[in-house]
Amino acid sequence: PLICTFHAFCASLLKTEAAIAGLPADFSVYDETDSQDLMLKIFRRLNKTTPVFSGPQEQQLATKLYYKWGQILSNVKGSEIKSGSIPRSALDECSEQERDTFKDYVSMLASRNAVDFPLLVYRARSLLLAEEAVRKRWANKYSWIQVDEVQDTHHSEWDMVSFMARQSGNLALFGDLDQTIYGWRGSSPNE
């Protein structure tokens, strides 16, 4: 059996399928702190703001930007997903400052051969959606799929589960719909 988080699974899938995904096989993964720091640095540069290191307002801004970024990627509908890029329409609800920050952020991650947690799921999801051979190869690897804490699964993670379980039809979901803690990240157990 393979026991892992969604992010670990997506990282494994993308490293294995790196050539098809358009990623270097040795890409690195930025955690939330690294991602927030980079996003804040880009936001400051674009908006010519003076850094206030360790200020609570700056940390709140970094956190807000990062969570908004994650929600944007998890809410992209399957028909809008583009392999390797973010559809322009996904940023329609953002301010100009946020759009510019997110665009530079993606470029900066790419220049560093890196992805963040939301991009791991988005890129794996887009690969499974766009590449039938990849989808079949990975779906055929597992005869059972089990998801624990399903109440904290957001739309894009649910797509991943659906792709993986479609072949075998064997899917077990465990959780408590009254205990979701990731609404800020897009989980919505009642949908």
Side-chain angles (χ1 to χ4, degrees), residues 5-11 13-15 21-24 27-49 51-130 149 151-161 180-189 191:
T5 64
F6 276 106
H7 295 115
F9 174 78
C10 291
L13 185 149
L14 289 172
K15 286 184 184 282
L23 290 167
F27 68 84
S28 59
V29 178
Y30 275 34
D31 66 16
E32 286 187 24
T33 301
D34 294 333
S35 300
Q36 290 178 15
D37 289 347
L38 179 59
M39 204 171 282
L40 185 58
K41 181 179 175 181
I42 292 166
F43 185 86
R44 282 187 200 131
R45 180 178 47 83
L46 290 173
N47 297 289
K48 298 174 179 51
T49 60
V52 180
F53 294 104
S54 73
Q57 289 178 331
E58 286 215 322
Q59 188 55 48
Q60 288 173 351
L61 174 62
T63 301
K64 177 186 166 209
L65 287 168
Y66 179 74
Y67 290 158
K68 185 167 187 169
W69 171 244
Q71 284 183 323
I72 287 167
L73 292 186
S74 75
N75 289 334
V76 175
K77 303 294 182 227
S79 60
E80 297 175 314
I81 291 179
K82 298 178 181 178
S83 185
S85 67
I86 311 304
R88 199 176 291 247
S89 62
L91 302 177
D92 284 349
E93 303 282 323
C94 297
S95 69
E96 185 177 344
Q97 291 175 317
E98 290 169 335
R99 273 193 305 273
D100 292 344
T101 299
F102 296 149
K103 287 176 186 176
D104 281 10
Y105 175 72
V106 170
S107 294
M108 184 70 74
L109 285 174
S111 73
R112 296 175 177 190
N113 292 328
V115 295
D116 63 7
F117 290 151
L119 278 170
L120 273 175
V121 177
Y122 181 85
R123 297 288 301 263
R125 181 179 170 217
S126 68
L127 186 62
L128 289 174
L129 185 66
E149 302 296 342
Q151 75 274 6
D152 292 323
T153 304
H154 56 72
H155 295 289
S156 55
E157 291 171 342
W158 177 249
D159 279 352
M160 299 284 298
V161 170
T180 186
I181 60 170
Y182 288 111
W184 53 266
R185 197 184 69 175
S187 72
S188 111
E191 288 183 18

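When reading the values below, keep in mind they use all heavy atoms of this one structure, side chains included, and skip hydrogens, waters and symmetry mates.
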Do [X] and [Y] have side-chain heavy atoms sitting under 4.5 Å apart?
{"X": "Cys10", "Y": "Phe117", "answer": "no"}
{"X": "Leu91", "Y": "Lys103", "answer": "yes"}
{"X": "Asp104", "Y": "Leu46", "answer": "yes"}
{"X": "Phe27", "Y": "Leu120", "answer": "yes"}
{"X": "Glu93", "Y": "Lys68", "answer": "no"}
{"X": "Val121", "Y": "Ser74", "answer": "no"}
{"X": "Gln36", "Y": "Trp69", "answer": "no"}
{"X": "Ile86", "Y": "Tyr122", "answer": "yes"}

Nearest-0.5 Å distance that lies between atom [atom1] in [X] and atom [atom2] in [Y]:
{"X": "Arg123", "Y": "Leu23", "atom1": "CZ", "atom2": "CG", "result": "4.0 Å"}
{"X": "Leu65", "Y": "Cys94", "atom1": "CG", "atom2": "SG", "result": "9.5 Å"}
{"X": "Arg44", "Y": "Leu61", "atom1": "CZ", "atom2": "CG", "result": "9.0 Å"}
{"X": "Met39", "Y": "Glu32", "atom1": "CE", "atom2": "CD", "result": "10.5 Å"}
{"X": "Tyr66", "Y": "Thr33", "atom1": "OH", "atom2": "OG1", "result": "9.0 Å"}
{"X": "Ser35", "Y": "Tyr67", "atom1": "OG", "atom2": "OH", "result": "11.0 Å"}

What heavy-atom pair brings [X] and [Y] nearest, and what distance separates the two atoms?
{"X": "Arg125", "Y": "Leu73", "value": "NH1-O, 3.7 Å"}
{"X": "Ile72", "Y": "Ala90", "value": "CG2-O, 3.5 Å"}
{"X": "Gln97", "Y": "Phe43", "value": "CB-CE1, 4.0 Å"}
{"X": "Ile42", "Y": "Thr101", "value": "CG2-O, 3.9 Å"}

Test log, rule side chain to side chain donor-acceptor pair (under 3.5 Å), inputs Tyr105 and Asp116:
CA-CA 10 Å; Tyr105 175 72; Asp116 63 7; 2.7 Å; yes
Run the numbers on Ser28 and Arg112 for side chain to side chain contact (heavy atoms under 4.5 Å, CB included), then give the verdict.
CA-CA 8 Å; Ser28 59; Arg112 296 175 177 190; 5.9 Å; no
Any chance you could lay out the side chain to side chain contact (heavy atoms under 4.5 Å, CB included) test for Val161 and Phe6, step after step, and finish with the verdict?
CA-CA 9 Å; Val161 170; Phe6 276 106; 3.6 Å; yes
Is there a side chain to side chain contact (heavy atoms under 4.5 Å, CB included) between Val29 and Leu119? Walk through the geometry before answering.
CA-CA 9 Å; Val29 178; Leu119 278 170; over 6 Å; no
For Lys15, look at atom NZ and say whether over 12 heavy atoms of other residues, nucleotides or ligands are found less than 6.0 Å away.
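Atom NZ in Lys15 is packed in, count exceeds 12.
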Quick check against the 3.5 Å criterion: does Thr63 have a side-chain atom that pairs as donor or acceptor with the backbone of Gln60?
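Not confirmed, Thr63 side chain does not pair with Gln60 backbone.
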